[in-house]
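Here's the structure we're looking at; comments come further down.
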Amino acid sequence: MIRKAQANDHARIVRLYRDVAAVPNGIARTPGEVNDAYVSGFMHKAEADGIELVCEQDGQIVGEIHASRVGIACLAHLLTDLTIAVAPQAQGQGVGRRLFRALLDEVTDNMPYITRIELFARESNVRARALYASLGFVEEGRLRARVNNAQGEAETDTIMGWLRP
Ligand SMILES: CC(C)(COP(=O)(O)OP(=O)(O)OC[C@H]1O[C@@H](n2cnc3c(N)ncnc32)[C@H](O)[C@@H]1OP(=O)(O)O)[C@@H](O)C(=O)NCCC(=O)NCCS
């Protein structure tokens, strides 16, 4: 079931992000960097001025996606700070695609003021980037040596953008 996140999902989202962070080179944070404050921060931002969806299966939150606006007039059309995470045991089963599709549907139908969505993905995260491209995101830039991988080597990051059709 895909639904909007609620405040009482917090603990389960912390657990999800720790599990996802334990697999290197996916989301930017390590498990130790996934703390209550980090998750509260993006949940509050999404609730105040953005969007957050979760996928719940048998009482577990197995996937989450969020994005929010920056809060200044010149970027009022932009949804950014986007992260998607699917539990390792639930990956490859269509959860990520369904979550992202639901976010795009919500933006298309109910957030007419949003005309651009952007995200960052490591160049090596081929799987995630293929998913984003299939949903209409276009690679707009390569940021050399921007992000370190789990081996401590600097990697190229990419920025991808979606424009309202
Ligand atoms: C990237 C991520 C969100 C994708 O979610 P998912 O539920 O695993 O993906 P889906 O099952 O919906 O598959 C989406 C696409 O990924 C690709 N894919 C799925 N499983 C794959 C696998 N085992 N190997 C390679 N590609 C695969 C396919 O292209 C698939 O497209 P399709 O629907 O046409 O078959 C998820 O794997 C994840 O959370 N990864 C770790 C965190 C991360 O990297 N987040 C993104 C940071 S930018």
Side-chain angles (χ1 to χ4, degrees), residues 1-5 9-35 38-39 41-43 45-46 50-70 78-108 114 116-163:
M1 179 178 70
I2 292 183
R3 59 167 173 80
K4 290 199 171 162
D9 292 326
H10 178 270
R12 288 186 293 170
I13 294 174
V14 171
R15 211 170 306 134
L16 167 70
Y17 267 71
R18 286 207 177 117
D19 289 348
V20 173
V23 180
N25 302 327
I27 59 171
R29 281 176 173 71
T30 62
E33 291 168 330
V34 176
N35 53 29
Y38 163 61
V39 173
F42 71 64
M43 290 185 77
K45 269 170 68 178
I51 176 169
E52 181 179 20
L53 303 174
V54 295
C55 178
E56 186 172 345
Q57 280 176 3
D58 303 325
Q60 303 273 359
I61 289 182
V62 297
E64 190 268 358
I65 187 167
H66 63 263
S68 54
R69 293 203 290 180
V70 176
L78 173 68
L79 208 49
T80 187
D81 285 337
L82 188 149
T83 303
I84 180 168
V86 174
Q89 75 277 7
Q91 290 176 12
Q93 298 166 24
V95 172
R97 179 176 293 284
R98 287 204 302 278
L99 268 171
F100 218 134
R101 192 64 263 165
L103 180 136
L104 293 177
D105 287 349
E106 180 68 19
V107 168
T108 302
I114 298 295
R116 174 182 167 85
I117 306 175
E118 66 187 19
L119 58 81
F120 290 90
R122 294 165 202 264
E123 190 172 46
S124 62
N125 200 343
V126 174
R127 175 179 172 177
R129 292 197 307 119
L131 169 62
Y132 308 149
S134 75
L135 291 166
F137 281 77
V138 173
E139 184 180 306
E140 297 174 332
R142 299 173 71 254
L143 299 102
R144 296 170 302 152
R146 181 170 184 267
V147 57
N148 283 344
N149 63 22
Q151 293 74 45
E153 300 152 347
E155 261 196 50
T156 297
D157 218 358
T158 65
I159 180 161
M160 299 182 77
W162 174 95
L163 297 185

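Start at 1 and go down the list; that is how both ligands and their atoms are numbered. Worth knowing before you read on, the calculation uses all heavy atoms, side chains too, and leaves out hydrogens, waters and symmetry mates. The model shown is predicted, which means the values in this text are computed figures rather than measured ones.
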Exercise. Output yes when a side-chain donor or acceptor of D81 lies under 3.5 Å from a complementary backbone atom of A67, and no otherwise.
Key: no
Quiz item: Is there a heavy atom in F100 that sits closer than 4.0 Å to ligand 1?
Solution: no
Quiz item: Nearest protein heavy atom to atom 48 (S) of ligand 1, by residue and atom, and its distance?
Solution: Y132 OH, 3.2 Å
Quiz item: Going by distance only, is there an N or O of G92 that falls short of 3.5 Å from an N or O of ligand 1?
Solution: yes
Self-check item: Between CZ on residue R116 and CG on residue L79, distance to nearest 0.5 Å
Solution: 11.0 Å
Quiz item: Which value, rounded to the nearest 0.5 Å, describes the distance between M160 atom CE and Y132 atom OH?
Solution: 8.5 Å
Quiz prompt | Option nearest atom 12 (O) of ligand 1 (shortest heavy-atom distance, choices R98, R129, R97) | solution = R97
Quiz item: So is there a nitrogen or oxygen of G94 less than 3.5 Å from a nitrogen or oxygen in ligand 1?
Solution: yes
Quiz item: What about A90: any of its N or O atoms under 3.5 Å from an N or O on ligand 1?
Solution: no
Practice problem: Among all protein heavy atoms, pick out the one at the shortest distance from atom 44 (O) of ligand 1; state its residue, atom name and that distance to 0.1 Å. | Solution: N125 ND2, 2.9 Å
Exercise. Please check if a non-hydrogen protein atom sits closer than 4.0 Å to atom 2 (C) of ligand 1.
Key: no
Self-check item: Atoms in ligand 1 with a heavy atom of I84 nearer than 4.0 Å
Solution: 3 (C), 45 (N), 46 (C)
Quiz item: What do we get for L119 next to ligand 1 when only non-hydrogen atoms under 4.0 Å count, side chain, backbone, both or neither?
Solution: neither
Quiz item: In terms of residue, atom name and distance, what is the protein heavy atom nearest to atom 42 (C) of ligand 1?
Solution: V20 CG1, 3.6 Å
Quiz item: With only distance considered, is G96 within less than 3.5 Å of ligand 1 through an N or O on each side?
Solution: yes
Practice problem: Without swapping roles, check the side chain of R129 against the backbone of S124 for a donor-acceptor pair under 3.5 Å. | Solution: no
Quiz prompt | Gap separating the CG atom of D157 from the CD atom of E123, nearest 0.5 angstrom | solution = 9.5 Å
Self-check item: Heavy-atom pair with the smallest gap, counting every atom of G59 and R12
Solution: O-NH1, 2.6 Å
Quiz item: Atom CG of L103 and atom CD1 of I84: how far apart are they, to the nearest 0.5 Å?
Solution: 8.5 Å
Self-check item: Those atoms of ligand 1 less than 4.0 Å from some heavy atom in V95
Solution: 7 (O), 12 (O)
Quiz item: To the nearest 0.5 Å, how far apart are SG in C55 and CD1 in I61?
Solution: 9.5 Å
Quiz item: For atom 32 (P) of ligand 1, is the nearest protein heavy atom under 4.0 Å away?
Solution: yes
Quiz item: Among all protein non-hydrogen atoms, which one is nearest to atom 40 (N) of ligand 1, and what is the separation to 0.1 Å?
Solution: Q91 NE2, 3.4 Å
Kindly list each side-chain donor-acceptor pair under 3.5 angstrom involving residues 13-28, sequence neighbours excluded, with atom names and distances?
| from | atom 1 | to | atom 2 | distance (Å) |
| --- | --- | --- | --- | --- |
| Y17 | OH | E64 | OE1 | 2.6 |
| R18 | NE | V34 | O | 3.0 |
| R18 | NH2 | V34 | O | 3.0 |
| N25 | OD1 | A150 | N | 2.9 |

Practice problem: Scan the protein's non-hydrogen atoms and note whether one is under 4.0 Å from atom 35 (O) of ligand 1. | Solution: no
Quiz item: Counting only heavy atoms, which portion of L131 has something under 4.0 Å from ligand 1: side chain, backbone, both, or neither?
Solution: side chain
Quiz item: Under 4.0 Å from any heavy atom of F120, which atoms of ligand 1 are there?
Solution: 48 (S)
Practice problem: Distance to 0.1 Å, residue and atom name: give those for the protein heavy atom nearest to atom 29 (O) of ligand 1. | Solution: A130 CB, 4.7 Å
Quiz item: Any donor and acceptor pair, going by atom type alone, linking the side chain of Q91 with main-chain N or O of V86 inside 3.5 Å?
Solution: yes
Exercise. Count the heavy atoms of every other residue, nucleotide or ligand shown that sit under 6.0 Å from CD of E139, and state whether that count exceeds 12.
Key: yes
Practice problem: May I ask whether A85 places a heavy atom under 4.0 Å from ligand 1? | Solution: yes
Self-check item: Among R127, M160, Q93, closest by any non-hydrogen atom to atom 8 (O) of ligand 1
Solution: R127
Quiz prompt | W162 versus L135, closest heavy-atom pair with distance | solution = CD1-O, 3.7 Å
Quiz item: For the atom pair CZ (F137) and OG1 (T158), what is the distance rounded to the nearest 0.5 Å?
Solution: 11.5 Å
Quiz item: Would atom 38 (C) of ligand 1 count as contacted, meaning some protein heavy atom under 4.0 Å?
Solution: yes
